[in-house]
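Below, each value reflects all heavy atoms present in this structure, side chains not excepted, and no hydrogens, waters or symmetry copies.
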Amino acid sequence: LDFDNPLVCYDDLFHQLALEKDLIPDNISADKIVIRDYLRGQGRDEDFTLLQGEVYGLRILDAKPAEGMLNALKDLQLIGIEMALVSHKTHFPYKGPRYDLHRAAMSWLEHNSFFSEQGLNWSTNQVYFEATKVDKVRRINLLNCTHYVDDLPEIIHMLPEFIKKILYDPGKKYSLNSCLTIATWSEISTKIITVGHK
């Protein structure tokens with residue numbers, strides 16, 4: 001599983017923080033990409049970079065789990081599917097305050113019951129943060145993953161053929177024939193269970 005976007009929904013938090021900092025007018029929709037494109041169009045790329053650092057670091061606990069994600073992972077776990085999180089995530093933001101982004105992400109997982117007995121009861125050994133996309137793909141291979149869920153076509157294309165690729169695309173922005181594309185987490189749990197975990 002990838003972390004940013006498939007597990008965590010940042011859109012509302014990006015919108016809230018951008019409004020708090022008076023970076024966007026209130027008619028801009030609560031969508032990270034729309035906010036990014038608006039700021040780039042204003043020549044304010046650095047403002048977006050700083051905003052990202054705060055969202056992924058200081059304020060990450062305000063970000064919501066993707067809808068239906070926790071229930072879907074519980075369903076997969078109940079039928080014996082082993083899971084790991086493998087994410088491309090720098091340790092610190094490129095600019096601005098040096099938030100520890102790895103520690104922040106672990107705090108979000110803990111806050112959302114990934115490691116508790118009442119929740120998913122994961123071990124921290126199931127979580128990997130890699131410095132580059134190449135390292136991320138290498139880790140996925142080393143773990144002998146049979147399936148991988150990501151929201152970026154670029155990563156999907158980098159994965160070897162033997163991995164069943166699942167593109168998480170809630171906005172239905174992409175059209176790929178090389179993988180299973182789903183828009184909701186309920187589809188992920190249903191299709192892995194019905195198509196087969198082999």
Side-chain angles (χ1 to χ4, degrees), residues 1-16 29-35 55-56 60-89 104-124 126-129 136-137 139-140 143-198:
L1 307 168
D2 185 31
F3 181 70
D4 294 318
N5 303 315
L7 301 190
V8 194
C9 183
Y10 294 108
D11 288 336
D12 288 344
L13 182 55
F14 266 99
H15 192 252
Q16 177 186 337
S29 62
D31 183 301
K32 171 189 168 183
I33 303 303
V34 171
I35 294 166
V55 166
Y56 298 147
I60 194 171
L61 293 187
D62 294 330
K64 299 173 184 175
E67 186 175 354
M69 177 270 297
L70 291 169
N71 286 335
L73 296 190
K74 285 179 184 177
D75 289 344
L76 295 176
Q77 194 160 266
L78 282 172
I79 62 168
I81 294 179
E82 297 179 23
M83 288 175 278
L85 186 160
V86 185
S87 173
H88 166 222
K89 184 177 285 293
M106 290 295 283
S107 295
W108 188 92
L109 292 168
E110 184 174 358
H111 181 72
N112 286 280
S113 302
F114 272 72
F115 305 123
S116 73
E117 289 184 11
Q118 296 74 29
L120 292 172
N121 200 26
W122 278 24
S123 161
T124 55
Q126 290 172 255
V127 179
Y128 301 87
F129 297 119
K136 170 179 172 172
V137 172
R139 175 69 66 182
I140 293 166
L143 291 171
N144 294 317
C145 293
T146 58
H147 300 67
Y148 191 74
V149 181
D150 206 295
D151 66 308
L152 295 178
E154 177 186 359
I155 298 296
I156 294 293
H157 292 317
M158 291 172 70
L159 295 172
E161 288 299 318
F162 63 83
I163 293 179
K164 294 181 181 178
K165 306 163 190 68
I166 303 171
L167 180 70
Y168 178 68
D169 183 18
K172 300 183 179 178
K173 299 174 184 175
Y174 306 109
S175 179
L176 297 185
N177 297 321
S178 59
C179 65
L180 174 65
T181 300
I182 49 81
T184 68
W185 272 97
S186 61
E187 290 179 73
I188 289 179
S189 57
T190 301
K191 289 181 178 179
I192 289 181
I193 291 169
T194 56
V195 170
H197 170 59
K198 299 177 181 177

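For the atom pair CG (Leu73) and CG (Asn112), the distance works out to 11.0 Å, reported to the nearest 0.5 Å. The CG atom of Asp62 sits 8.0 Å away from atom NE2 of His111, with the distance rounded to the nearest 0.5 Å. If you take NZ on Lys172 and CG on Leu167, they are separated by 13.0 Å, rounding to the nearest 0.5 Å. We find the CZ-CE distance between Phe3 and Met106 to be 9.5 Å, quoted to the nearest 0.5 Å. The CD1 atom of Ile163 lies 11.5 Å from the CE atom of Met158; values are rounded to the nearest 0.5 Å. For the atom pair CD1 (Ile188) and CG (Leu76), the distance works out to 8.0 Å, reported to the nearest 0.5 Å.
Shortest non-hydrogen contact noted between Ala66 and Pro6 is CB-O, 3.3 Å. A pairwise comparison of heavy atoms in Lys74 and Gln118 identifies NZ-O, 4.4 Å as the closest pair. Here the shortest heavy-atom pairing between Cys145 and Phe162 reads O-CE1, 4.2 Å. In plain terms, the two heavy atoms of Ser29 and Ile35 that are nearest each other are O-CG1, 3.9 Å. For the pair Ala104 and Ile60, the tightest heavy-atom approach, listed with the atom from each and the gap, is O-CG2, 3.5 Å. Residues Asp150 and Lys136 share a closest heavy-atom pair of OD2-NZ, 2.6 Å.
In this structure a side-chain-to-backbone donor-acceptor pair under 3.5 Å is present from Gln126 to Met83. For the pair Lys165 (side chain) and Pro160 (backbone), a donor-acceptor distance under 3.5 Å is present. A donor-acceptor pair is defined here as one N or O able to donate and one able to accept, closer than 3.5 Å; no such pair exists between the side chain of Gln77 and the backbone of Glu82. Without hydrogens or angle criteria, Asp169 side chain to Lys173 main chain gives a donor-acceptor distance under 3.5 Å. Side-chain N or O atoms of Asp11 include one that pairs as donor or acceptor with a backbone N or O of Lys32 at under 3.5 Å. Under the 3.5 Å distance criterion, the side-chain polar atoms of Trp122 are left unmatched by any main-chain donor or acceptor of Ser113. Judged by distance alone, the side chain of Trp185 and the main-chain N or O of Glu67 form no donor-acceptor pair under 3.5 Å.
Side chains of Asn121 and Phe114 form no contact here, defined as non-hydrogen atoms less than 4.5 Å apart. Under the 4.5 Å side-chain criterion, counting only non-hydrogen atoms from C-beta, Leu61 is in contact with Ser107.
Within a 6.0 Å radius of CD in Glu187, other residues, nucleotides and ligands contribute more than 12 heavy atoms.
Under the 6.0 Å distance and 45° angle rule, Lys89 counts as a cation-pi partner of Tyr56.
For the pairing with Tyr148, the side-chain contact (heavy atoms from CB on, under 4.5 Å) check across Ile166, Asp2, Leu1 returns one residue only, Asp2.
Side-chain contact of Tyr168 with Asn5: a donor-acceptor pair under 3.5 Å is absent, judged by distance alone.
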